[in-house]
Amino acid sequence: MKFVVTAGPTREHLDPVRFLSNPSTGKMGFAVARAAARAGHDVTLVAGPVALATPKGVARVDAVSARDVLAAVEAALAAVKDAPDGVALVMTAAVADWRPATCAAKKLKKSAMSGTLKLVRNPDVLKTVRAKTRTWKRKPVLVGFAAETGEPTAEAARKCREKGLAMVVANDVTQPGAGFGVDTNRVTFVLADGTLEPLPLMTKDAVARRIVEKCRTFGGGGGI
């Protein structure tokens, strides 16, 4: 199976030195890429700005903004479109939903800033990919993530349903050992048919192995 995995945050620049972002470190996504490669799969990792070494046997593409991630994912999927053993896209990246409407070429001076920041929506990577792969003979397995503050499964189920995904991996980042930057996670697999598969607190490497195994059970044509 061919895996395309995204990891880390995005940065949406206001000027060359200021940007909107989030605390994602990329550890979960890098763990998924590592697990898939160790299981013998071909893996392309689309990585946001993170300080992590590329896992052995993984092809890495660096990206900064949400639009960079989308372009890299589309290119990676196009390259493996006809893979006989199927394709999986695992979107662990914390992609920004919004970006500044404009990005200045030079650092904005405090005196020139109004105190109001106008934002525009970024493209939804999974929705865009889902639409563009509808004509594939063997559709890719699409897996999303839902990092919430509070009980995450209802929101994960909504994402799974509305985006036509095979599965959403949901977690509450306020729980001990399950937030950003740690080496463990406590997640629930929310499947397209509404089934919930909660996992105990595990290392991110162990969670990653379970995600890869789940993708293999979906095979091809994941989602709705």
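- Applying the side-chain contact (heavy atoms from CB on, under 4.5 Å) rule to Leu201 yields the partners Thr184, Arg186; only residues at least two apart in sequence or on another chain are considered.
- Not counting sequence neighbours, the partners of Ala66 by the side-chain contact (heavy atoms from CB on, under 4.5 Å) test are Glu12, Val95, Asn122.
- Sorted by first and then second residue, the pairs that involve residues 170-179 and meet side chain to side chain donor-acceptor pair (under 3.5 Å), not counting sequence neighbours, are Asn171-Asn185, Asp172-Thr174, Asp172-Gln175.
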Leu142 and Val129: side chain to side chain contact (heavy atoms under 4.5 Å, CB included), yes or no, with the steps?
CA-CA 9 Å; Leu142 303 179; Val129 167; 4.1 Å; yes

When you look at Phe3 and Val90, which way does the side chain to side chain contact (heavy atoms under 4.5 Å, CB included) test go after all the steps?
CA-CA 7 Å; Phe3 275 77; Val90 184; 4.2 Å; yes

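- Rounding to the nearest 0.5 Å places OG of Ser65 at 12.0 Å from CG of Leu20.
- Across all non-hydrogen atoms, the minimal contact from Ala7 to Phe30 is CB-CD1, 3.7 Å.
- If you take CZ on Phe189 and SG on Cys160, they are separated by 12.5 Å, rounding to the nearest 0.5 Å.
- Cluster annotation: Leu191 and Leu199 are assigned to the same hydrophobic cluster (Ile/Leu/Val/Met/Phe/Trp/Tyr, side-chain heavy-atom contacts under 4.5 Å, transitive).
- Annotation: side chain to side chain donor-acceptor pair (under 3.5 Å) contacts involving residues 191-201, sequence neighbours excluded, comprise Asp193-Thr195, Glu197-Lys214.
- Within a 6.0 Å sphere centred on CZ of Arg18, other residues, nucleotides and ligands contribute more than 12 heavy atoms.
- Linking ILVMFWY side-chain heavy atoms closer than 4.5 Å, directly or via other members, places Met202 and Val143 in a single hydrophobic cluster.
- Sequence neighbours left out, the pairs with a member in residues 147-159 that pass side chain to side chain donor-acceptor pair (under 3.5 Å) are Glu151-Thr153, Glu155-Arg158, Arg158-Glu162.
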Which pairs of donor and acceptor atoms, one on a side chain in residues 54-64, lie under 3.5 Å apart (sequence neighbours left out)?
from  : atom 1 : to    : atom 2 : distance (Å)
Thr54 : OG1    : Arg60 : NH1    : 3.1
Arg60 : NE     : Asp62 : OD1    : 2.9
Arg60 : NH1    : Leu52 : O      : 2.9
Arg60 : NH2    : Asp62 : OD1    : 3.3

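- Take Ser114 and apply the side-chain contact (heavy atoms from CB on, under 4.5 Å) test, not counting sequence neighbours, and it matches Thr116.
- Separation of atoms CH2 (Trp136) and CG (Asp82) is listed at 8.0 Å; rounding is to 0.5 Å.
- Qualifying salt bridge (charged side-chain N to carboxylate O under 4.0 Å, His left out) partners for Asp183, counting only residues two or more places apart in sequence or in other chains: Lys27.
- For Glu74, the side-chain hydrogen bond (donor to acceptor under 3.5 Å, both in side chains) test picks out Lys132, with sequence neighbours left out.
- Looking at Leu89 and Val73, their side chains come closer than 4.5 Å, going by heavy atoms from C-beta outward.
- Considering every non-hydrogen atom in both Ala94 and Asn22, the closest pair reads O-ND2, 3.0 Å.
- Between Ile211 and Met28, the closest heavy-atom pair is CD1-CE, 4.4 Å.
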Cut-off 3.5 Å, no hydrogens considered: what does the side-chain donor-acceptor table look like for residues 34-51, sequence neighbours left out?
from  : atom 1 : to     : atom 2 : distance (Å)
Arg34 : NE     : Asp205 : OD1    : 3.4
Arg34 : NH2    : Asp205 : OD1    : 2.8
His41 : ND1    : Met1   : N      : 3.3
His41 : ND1    : Met1   : O      : 3.2
Asp42 : OD2    : Lys2   : NZ     : 2.5

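- Residues Asp124 and Lys163 are in side-chain contact: their nearest non-hydrogen atoms beyond the backbone lie under 4.5 Å apart.
- Hydrophobic clustering, with ILVMFWY side chains joined whenever heavy atoms are under 4.5 angstrom apart, keeps Val69 apart from Leu119.
- Interatomic distance, Phe19 CZ to Leu14 CG, rounded to the nearest 0.5 Å: 11.0 Å.
- For the pair Val32 and Val212, the tightest heavy-atom approach, listed with the atom from each and the gap, is O-CG2, 3.9 Å.
- Closest of all the heavy-atom pairs between Ala170 and Val190 is CB-CG2, 4.3 Å.
- In this structure, the separation between CG on Leu77 and OG1 on Thr133 is 7.5 Å, given to the nearest 0.5 Å.
- Using a 4.5 Å cut-off on side-chain heavy atoms (C-beta onward), Leu117 and Pro100 make contact.
- By the side-chain contact (heavy atoms from CB on, under 4.5 Å) test, Ala79 is found to be paired with no residue, residues two or more places apart in sequence or in another chain being considered.
- Judged as a salt bridge (Lys or Arg N to Asp or Glu O under 4.0 Å), not a single pair has a partner in residues 95-119 (not counting sequence neighbours).
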Would Met91 and Phe145 count as a side chain to side chain contact (heavy atoms under 4.5 Å, CB included) if you check the C-alpha gap in whole Å, the side-chain angles of each, and the deciding distance to 0.1 Å?
CA-CA 6 Å; Met91 281 287 304; Phe145 271 65; 5.8 Å; no

